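What you see is a predicted model, and the numbers here were worked out from it, not measured in a lab. Atoms within each ligand, like the ligands themselves, are counted from 1 in listed order.
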Amino acid sequence: MGSKSLQFFSLALTLLLLLTFQAVFADLKHKSTSPFQFLQHLQGCHKGQNLTDIHKLKKYLHNFGYLSYKNKTHADDDDFDELLESAVRTYQLNYNLKATGSLDANTVSKMMRPRCAVADIVNGTSRMRTGRKRAHHHSGSFHTVSHYSFFEGEPRWPASKYSLTYAFLPGTRADAINPVSRAFQTWAANTHFKFSRTEDYVNADIKVSFESSDHGDGFPFDGPGGTLAHAFAPTVGMFHYDADEEWSVIANPAAFHLETLALHEIGHLLGLGHSSIEGAIMYPTFSLGESKSLHGDDIQGIKALYNF
Ligand SMILES: *[C@@H]1O[C@H](CO)[C@@H](O)[C@H](O)[C@H]1NC(C)=O
Ligand SMILES: *[C@@H]1O[C@H](CO)[C@@H](O)[C@H](O)[C@H]1NC(C)=O
Ligand SMILES: *[C@@H]1O[C@H](CO)[C@@H](O)[C@H](O)[C@H]1NC(C)=O
Ligand SMILES: [Zn+2]
Ligand SMILES: [Zn+2]
């Protein structure tokens with residue numbers, strides 16, 4: 001009798017341990033799947049070092065517009081060289097971090113945040129910090145003015161084209177339709193644009209779809225975490241969500257908010273680049289469960305682009 005109940009007890013204990021292990025393991029797996037996880041191990045590195053995975057940091061900064069090597073050998077090696085230091089410094093200025101040029105804890109923590117896949121800088125234009133540089137120059141202090149930005153060459157929709165149609169790729173998850181439509185209505189309420197939904201996907205001005213990894217436009221997504229969505233400058237009209245993310249209609253701590261990302265990507269579709277104002281919808285990073293709306297900076301930006 002005693003040994004029977006002991007047997008039962010140890011069986012129960014084993015099961016319990018197994019379940020606990022499984023839960024912990026699943027959690028670990030979930031946490032380490034971010035494509036930006038490699039940055040954690042690079043914390044503290046600086047110019048002159050030669051560490052495995054520095055080439056990944058170079059690729060990261062290249063993808064977001066901060067780094068462009070003329071010599072491909074240097075783009076792919078693990079040397080923390082002068083050019084990389086200067087790219088890290090530019091990143092730090094854009095994100096209002098101390099411009100140390102090294103991968104300090106604050107920089108790593110910012111870089112690891114899930115974000116829009118659109119580059120912060122296009123073609124060497126310091127898009128996010130035009131305003132900041134001016135403030136710097138006059139006062140020598142570290143405060144910000146306005147921080148919206150435009151794409152290189154300031155592409156925009158022609159004045160005659162203020163009424164735009166949008167369509168979802170046939171088969172798009174039904175729960176995305178209302179959040180995206182609400183986001184278009186929010187932009188309409190703050191601009192001269194009108195947006196109407198059409199079923200004619202092929203001829204729509206703006207095409208919305210969920211895409212996974214390499215999807216044919218030259219800007220592959222990266223699985224869960226990392227980059228969340230992207231959209232193209234006027235008048236391309238393409239808006240893609242990363243299908244590998246958890247998405248939600250109502251803000252939920254285990255998912256990214258469909259409407260918030262739609263507000264951001266529509267900003268790109270209309271011609272806005274990223275903003276260094278953290279409260280702006282055009283700020284590049286997003287957290288799980290975060291929901292945001294348009295900010296004065298976004299509205300100032302779109303007004304300046306279209307002169308209304
Ligand atoms: C970095 O490491 C690689 C591989 O070990 C080596 O070929 C290269 O010369 C090193 N560079 C520097 C600057 O130490
Ligand atoms: C690129 O850099 C490598 C290593 O410094 C050098 O050997 C090579 O000649 C360079 N290539 C070009 C095209 O400059
Ligand atoms: C970047 O600059 C090059 C050369 O000036 C130009 O051909 C290219 O279209 C530009 N790319 C973008 C995205 O503006
Ligand atoms: Zn963006
Ligand atoms: Zn795409």
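Within the 4.0 Å cut-off (strictly below), no protein heavy atom is located near atom 13 (C) of ligand 2. Within 4.0 Å of atom 9 (O) of ligand 2, not a single protein heavy atom is present. Within a 4.0 Å radius of atom 2 (O) of ligand 2, the protein contributes one or more non-hydrogen atoms.
Taking 2.8 Å as the threshold, Glu211 does not count as a candidate ligand of the Zn ion (ligand 5), since none of its N, O or S atoms lies below it.
Side-chain atoms of His268 and His274 include a donor-acceptor pair closer than 3.5 Å. A side-chain donor from one of Ser181 and Tyr166 sits under 3.5 Å from a side-chain acceptor of the other.
Seen from the Zn ion (ligand 4), atom SG on Cys116 and atom NE2 on His268 lie at an angle near 120° (rounded to 10 degrees). Note: angle at the Zn ion (ligand 5), from NE2 of His230 to OD2 of Asp217, is 120° (rounded to 10 degrees). Rounding to 10 degrees, one finds that the Zn ion (ligand 5) sits at the corner of an angle of 110° between His240 ND1 and His215 NE2.
Interface of Thr73 with ligand 2, defined as ligand atoms under 4.0 Å from a residue heavy atom, comprises 1 (C).
A salt bridge links Glu278 to Arg113: at least one charged side-chain nitrogen sits closer than 4.0 Å to a carboxylate oxygen. In summary, Lys303 and Asp298 do not engage in a salt bridge, as defined by a charged side-chain N under 4.0 Å from a carboxylate O.
For atom 11 (N) of ligand 2, the nearest protein heavy atom (residue, atom name, distance) is Asn71 ND2, 2.9 Å.
With rounding to the nearest 0.5 Å, the separation of NE2 in His62 from CG in Leu84 is 13.5 Å.
If you look at His74 next to ligand 2, the close heavy atoms, those under 4.0 Å, all belong to the side chain.
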Given side-chain hydrogen bond (donor to acceptor under 3.5 Å, both in side chains), test Thr260 with Glu290 step by step and report yes or no.
CA-CA 8 Å; Thr260 296; Glu290 181 182 13; over 6 Å; no

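Tyr66 and Phe219 are members of different hydrophobic clusters when ILVMFWY side chains are connected at heavy-atom separations under 4.5 Å.
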